[in-house]
2 protein chains.
Amino acid sequence: MAEKKLTNDNVEICDCADVHENLVHLVEETMPEETELYDLAELFKVFGDSTRIRILFVLFEAEVCVYDLAEALNMTQSAISHQLKILKQSRLIKGRREGKHIFYSLADDHVRSIIAEGREHIEED
Amino acid sequence: MAEKKLTNDNVEICDCADVHENLVHLVEETMPEETELYDLAELFKVFGDSTRIRILFVLFEAEVCVYDLAEALNMTQSAISHQLKILKQSRLIKGRREGKHIFYSLADDHVRSIIAEGREHIEED
DNA sequence: ATTACTTATGAGCACTTGTTCATATGTTGA
DNA sequence: TCAACATATGAACAAGTGCTCATAAGTAAT
């Protein structure tokens, strides 16, 4: 494939061997939809806060109400409640009402898998 | 186990059945170190941006230099370079110099696994 | 109905983050 | 050495985030 050169302006041109058009096509073919990319980023953003990570680790072990979460993590009820809302919106956890309490638990096992993969990465070498 | 009641002040007390002390102990036993929690959150924070996600999807397919990444994603060289630095610091990608170019590629397969797990989660139901 | 308890939520604030712009650093070839 | 290209980086700014505080909403028991 020919090198890509523009003659009339100052655009900088990188002529990495034959990569340009091929790459653009490859990207167009394999890159997920914009909305999926956005959703993926939003999901990982939820994991990207140590308070939420700590909440998830508690829920790995037990179904827990808001007040107990706050006590176990030594944080205010309000702070925990705000974070639970975010976790719930991402369908990572679910709440079950029982009288005055709402018990939270993991929504499914993806949470465990994702965190396990993350731990593997940071624990190597 | 007895309910927990304080008599002298207004502290609100949740008496979820027998959970308190057990939960605190459980958390102390199973919760990872503070530094690991922090590192985990930092790692997921890196995945929590759609520009970085897009960069990773390109690198799933090929080893690419900065300029081509910028072109493929229709972003400035500077923006891409800043993000590459973050990805490199998290050891998700690595760079290989070849003349004037620096070709970036995935550091290992954890990236693929983590993103695959994320996609599974958002694609269900 | 009133009180006490549990959870949710809105506003405000300090802090973080991603991009742009300008510029520096590094590499190659003439 | 100089010019051109490729990449990295610091400052600045807008936008987003997590906590606190005050308060609302929901539930149960008296």
Side-chain angles (χ1 to χ4, degrees), chain A residues 3-7 9-17 19-20 37-38 41-42 44-55 64-71 73-90 93-104, chain B residues 3-7 9-17 19-20 37-38 41-42 44-55 64-71 73-90 93-104:
Chain A
E3 287 185 355
K4 203 164 149 195
K5 287 289 177 188
L6 298 185
T7 52
D9 50 24
N10 292 341
V11 176
E12 295 179 7
I13 292 302
C14 160
D15 44 67
C16 312
V19 179
H20 290 288
L37 293 170
Y38 181 82
E42 287 303 304
F44 286 121
K45 224 173 273 184
V46 174
F47 287 95
D49 174 77
S50 60
T51 295
R52 289 190 291 266
I53 292 272
R54 294 201 302 153
I55 291 175
V64 184
C65 71
V66 179
Y67 187 89
D68 281 357
L69 270 170
E71 182 177 280
L73 300 181
N74 195 32
M75 295 188 64
T76 68
Q77 174 268 318
S78 180
I80 295 294
S81 201
H82 278 296
Q83 300 306 340
L84 287 174
K85 182 177 188 175
I86 294 172
L87 289 165
K88 204 165 32 176
Q89 281 172 341
S90 304
I93 66 174
K94 60 187 182 220
R96 173 181 66 83
R97 174 139 235 152
E98 186 178 317
K100 285 187 291 189
H101 298 96
I102 298 179
F103 290 94
Y104 283 95
Chain B
E3 287 185 355
K4 204 163 145 195
K5 287 288 178 190
L6 299 185
T7 52
D9 51 22
N10 292 341
V11 176
E12 294 180 9
I13 292 302
C14 158
D15 44 69
C16 311
V19 178
H20 288 290
L37 293 171
Y38 181 81
E42 288 303 304
F44 287 121
K45 225 172 272 184
V46 174
F47 287 95
D49 175 76
S50 59
T51 295
R52 290 191 289 268
I53 293 270
R54 295 200 302 154
I55 291 175
V64 184
C65 71
V66 179
Y67 186 90
D68 281 356
L69 270 170
E71 183 177 277
L73 300 181
N74 195 32
M75 295 189 65
T76 68
Q77 173 269 317
S78 180
I80 295 293
S81 202
H82 278 296
Q83 300 304 341
L84 288 174
K85 183 176 189 176
I86 293 173
L87 289 164
K88 204 164 33 175
Q89 281 172 341
S90 305
I93 66 173
K94 60 188 182 219
R96 173 181 66 83
R97 173 141 235 151
E98 187 178 316
K100 286 187 290 191
H101 298 95
I102 298 179
F103 289 95
Y104 284 94

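Just so we're on the same page: letters track the sequence lines, and every chain starts at 1.
No side-chain heavy atom of B:Q83 sits less than 4.5 Å from a side-chain heavy atom of B:I80. No side-chain heavy atom of A:Y67 sits under 4.5 Å from any side-chain heavy atom of A:H101.
Atom CD1 of A:I80 is separated from atom P of D:dT20 by 10 Å (rounded to the nearest Å). For the pair A:F103 CZ and C:dT7 P, the computed distance is 8 Å after rounding to whole Å. Atoms CD1 (B:I53) and P (C:dG18) sit 12 Å apart, rounded to a whole Å. Look at CZ on A:F44: it is 17 Å from P on D:dT17, rounded to the nearest Å. Computed from coordinates, the A:L69 CG to C:dA8 C1' distance equals 15 Å when rounded to whole Å. Atoms CG (B:L84) and P (D:dA6) sit 16 Å apart, rounded to a whole Å. Atom CD1 of B:I102 is separated from atom C1' of D:dA6 by 8 Å (rounded to the nearest Å). Rounded to a whole Å, the NZ atom of A:K85 is 14 Å from the P atom of D:dA25.
For A:V66, counting side-chain heavy atoms from C-beta on, the closest listed nucleotide (D:dT20, C:dC21, C:dT7) is C:dT7. Of the listed nucleotides (D:dG10, D:dG18, C:dG18), C:dG18 has the atom at the smallest distance from the side chain of B:I86. For B:A79, the side-chain atoms get nearest to C:dT20 when compared with the rest of D:dC21, D:dA8, C:dT20. For B:S81, whose side chain is taken as the heavy atoms from C-beta onward, the closest listed nucleotide among D:dT7, C:dG10, C:dT7 is D:dT7. In this structure, the nucleotide among D:dC19, C:dA8, C:dT28 sitting nearest to the side chain of B:K100 is C:dT28.
A donor and an acceptor atom never sit less than 3.5 Å apart when one is taken from the side chain of B:H101 and the other from the base of C:dG26. For B:S78 against C:dC21, a side-chain N or O and a base N or O form a donor-acceptor pair under 3.5 Å. Within 3.5 Å, a donor on the side chain of A:Q77 pairs with an acceptor on the base of C:dA8, or the reverse.
OP1 or OP2 of C:dA4 has not a single side-chain nitrogen or oxygen of A:Y67 nearer than 4.0 Å. For B:T51 and C:dG18, the shortest distance from a side-chain N or O to OP1 or OP2 is not below 4.0 Å. Between C:dG18 and B:R52, a contact under 4.0 Å exists linking OP1 or OP2 to a side-chain N or O. Between B:Q83 and C:dT17, a side-chain N or O to OP1/OP2 separation shorter than 4.0 Å is absent. Of the side-chain N and O atoms in A:K88, one or more sit less than 4.0 angstrom from OP1 or OP2 of C:dA8.
Classified by interplanar angle (parallel below 30°, tilted 30° to 60°, perpendicular above 60°), the ring pair A:F44/B:F44 is parallel.
In this structure, the separation between CD1 on B:I102 and CG on B:L69 is 12.0 Å, given to the nearest 0.5 Å. From A:L84, atom CG reaches atom CZ of A:R52 across 10.5 Å, with rounding to the nearest 0.5 Å. One distance of note links CD of B:E98 with SG of B:C65; it measures 10.0 Å at 0.5 Å rounding.
A stacking contact between A:H82 and D:dC19 is absent: the pair does not combine a ring-centre distance of less than 5.5 Å to the base's six-membered ring with planes differing by less than 30°.
Annotation: of the two residues near DNA chain D, A:E98 and A:G48, the 5′-most nearest-nucleotide partner is A:G48.
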